[in-house]
Protein chains: 2
Amino acid sequence: MADAAEREWLERQIARRAPLSNDGQMALRALSLVTRTYEPSQYLLREGDRPKHCSFLRSGFVYRHKIVGNGGRQIVAIHLEGDFVDVQNILLTESDHNIQALTMTKVLCISREDLVAVSLAHPSLARALWRESLLEASIMREWVANVGRRDARSRTAHMLCELAIRQEAAGIGPREAFDLPMTQEQLGDALGLTAVHINRTLKSLEAAALIARSKRSVTVTDWHGLQRVADFTSGYLHLPDVDH
Amino acid sequence: MADAAEREWLERQIARRAPLSNDGQMALRALSLVTRTYEPSQYLLREGDRPKHCSFLRSGFVYRHKIVGNGGRQIVAIHLEGDFVDVQNILLTESDHNIQALTMTKVLCISREDLVAVSLAHPSLARALWRESLLEASIMREWVANVGRRDARSRTAHMLCELAIRQEAAGIGPREAFDLPMTQEQLGDALGLTAVHINRTLKSLEAAALIARSKRSVTVTDWHGLQRVADFTSGYLHLPDVDH
DNA sequence: CGAATCGTTGATTCAACTCAACGCGAGTGG
DNA sequence: CCACTCGCGTTGAGTTGAATCAACGATTCG
């Protein structure tokens with residue numbers, strides 16, 4: 001069981017999406033909440049599994065991916081602290097993709113069945129979670145456009161911009177500096193490129209003085225420049241100051 | 001106002017996603033419903049618009065797309081009869097993409113605000129629509145993988161398989177023959193390829209006796225063969241016989 | 001009949017992939 | 001404490017799948 005601080009954190013995270021009514025808050029508090037931890041590269045869920053729980057990412061990074069027939073892998077989402085990892089499975093009984101930890105990770109789990117029941121019974125909760133799943137779909141659309149229609153340089157820059165802004169919006173840190181705990185192989189799998197080409201692309205962004213790198217963290221040295229080569233606008237993230 | 005037959009159709013479509021309770025059904029019937037038609041290439045909604053209505057596709061084809069900075073376009077979804085075109089905007093005030101008619105199209109419109117209110121008040125309705133938005137997100141994930149990790153041949157075949165199965169699942173027709181009312185330019189924009197390359201790829205699929213084409217319709221002459229080169233499995237469509 | 005749109009085809013170019021080697025730092029075990 | 005390994009990043013050389021450029025048919029429509 002998770003303690004009161006975790007509960008409070010969860011409540012804040014959900015309320016960040018849409019305000020919770022009193023009874024929604026109460027119902028949420030009545031749900032049992034379990035903390036779970038995962039090692040890097042450990043699976044939270046596999047394609048074909050029928051998840052019993054939904055998880056909120058308390059700390060660390062996780063990613064979701066699909067394997068295609070020729071052995072390739074496509075990463076379809078990257079989650080950071082505060083993300084609801086499992087929205088996409090909440091009403092679909094069988095998972096269509098894998099969820100894996102990128103770093104040491106802590107998640108808060110709620111029974112899927114209970115969460116569905118409580119959400120459907122409490123409109124403010126349903127609104128928050130439903131909205132979250134729509135937001136994720138919006139991000140996915142942008143990824144399709146990114147992978148389908150931007151070249152490697154722009155595409156890579158775009159992902160960096162997105163992660164920077166999402167981190168900022170989640171209150172984890174400023175857009176100018178963030179951890180990116182992924183190998184270049186994984187970055188390639190997220191962007192539909194090869195590790196070798198990711199390497200060249202990152203070096204080119206660095207050479208253009210747009211970013212600096214050290215180990216697995218990135219500093220944005222020229223935000224506007226990066227945004228420009230990325231063709232990035234944050235509309236699709238539906239941030240609260242713009243859209244509510 | 002739409003007539004009783006349209007209402008009944010709509011009810012069937014929603015119930016196809018998840019069973020509707022009696023009071024959900026009643027509440028749905030109380031909503032005012034408007035029929036609207038669109039010409040080919042007419043916009044249903046533009047990026048940046050704040051939609052007032054949600055639309056269900058009564059007949060015809062529509063597609064949704066994003067424009068990227070270099071002038072490129074990426075089609076992120078294709079909808080056929082029975083699809084809920086606007087789920088993705090139901091809880092996000094500003095649209096992050098364009099929705100456009102592919103053919104002559106008829107849609108049934110419901111006030112967005114009303115639909116949200118009624119859904120949140122009636123769990124069975126919320127479940128059906130929420131599930132639909134998750135299903136769309138699942139399709140989007142597969143598109144990311146398709147565009148990111150499959151070559152032109154496999155990628156194109158995959159989209160054909162998807163459309164065939166979706167048409168079959170929607171009860172519009174068999175998987176072996178379907179309309180594909182898109183130019184090769186549009187197909188390219190959906191698959192992250194150029195029109196010229198789409199042309200060559202389609203001809204190659206035809207030369208391999210997997211499909212036959214005439215005008216804007218496709219016949220699948222070798223379903224298993226097509227499915228094999230497409231690396232297609234229908235799991236991500238979460239069809240009712242497999243997953244409910 | 002002319003104009004426009006879309007499909008088809010060939011020739012050429014290029015962005016990203018493949019293959020291969022090497023460097024480097026973090027463990028690990030003798 | 002050093003030698004060894006292993007995973008990851010880096011770099012170069014050569015290849016290729018898809019893009020680009022350009023022209024020409026076919027079909028539709030006013």
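Every chain is numbered from 1 and lettered A, B, ... according to where its sequence line falls, protein lines coming before strand lines.
Ring geometry for A:F56 versus A:F84: interplanar angle under 30°, hence parallel rather than tilted (30 to 60°).
Nearest heavy atoms, A:L57 versus A:H79: CD2-O, 3.5 Å. Nearest approach of B:P51 to B:R112, heavy atoms of both residues: O-NE, 3.0 Å.
When the C1' atom of D:dT16 is taken as reference, atom NE2 of B:H197 falls 11 Å away, rounded to whole Å. In this structure, the CG atom of A:L193 is 11 Å from the P atom of C:dT18, given to the nearest Å. Counting to the nearest Å, the C1' atom of C:dT9 and the CG atom of B:L202 are 15 Å from each other. The CG atom of A:N70 sits 10 Å away from the P atom of C:dT18 (whole-angstrom rounding). Atom pair A:D151:CG and C:dC17:C1' shows a separation of 15 Å (rounding to whole Å applied). Distance, A:L187 CG to C:dC17 P: 13 Å, rounded to whole Å. Rounded to a whole Å, the CD atom of A:Q184 is 16 Å from the P atom of D:dG7. In this entry the distance linking CD1 of A:I198 with C1' of D:dG9 reads 13 Å, nearest Å.
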Run the ring pair (Phe, Tyr, Trp, His ring centres under 6.0 Å) check on A:Y63 and A:H65 step by step: do they pass?
CA-CA 7 Å; A:Y63 67 108; A:H65 63 94; 5.2 Å; yes

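Checking the phosphate oxygens (OP1, OP2) of D:dA19, a side-chain nitrogen or oxygen of B:T194 falls inside 4.0 Å. Residue A:R216 has a polar side-chain atom (N or O) positioned under 4.0 Å from OP1 or OP2 of D:dG9.
Side-chain atoms of A:K203 lie closest to D:dT10 of the nucleotides C:dA16, C:dT8, D:dT10. Closest to the side chain of A:V196, out of D:dA18, C:dT18, C:dA16, is C:dT18.
Between the side chain of B:R200 and the base of C:dG7, no donor-acceptor pair of N or O atoms lies under 3.5 Å.
At a threshold of 4.0 angstrom between heavy atoms, the contacts of B:G192 are confined to the sugar-phosphate backbone, with no base atom among them. If you check every strand for non-hydrogen atoms under 4.0 Å, B:R213 touches sugar and phosphate atoms only.
Nearest-nucleotide assignment on DNA chain D puts the 5′-proximal partner with A:E206, out of A:R149 and A:E206. Where A:K215 and B:N199 meet DNA chain C, the nucleotide closest to each residue was compared, and B:N199 sits on the side nearer the 5' end.
B:Y38 is linked by a ring-ring contact (aromatic ring centres under 6.0 Å, His included) to nothing, counting only residues two or more places apart in sequence or in another chain.
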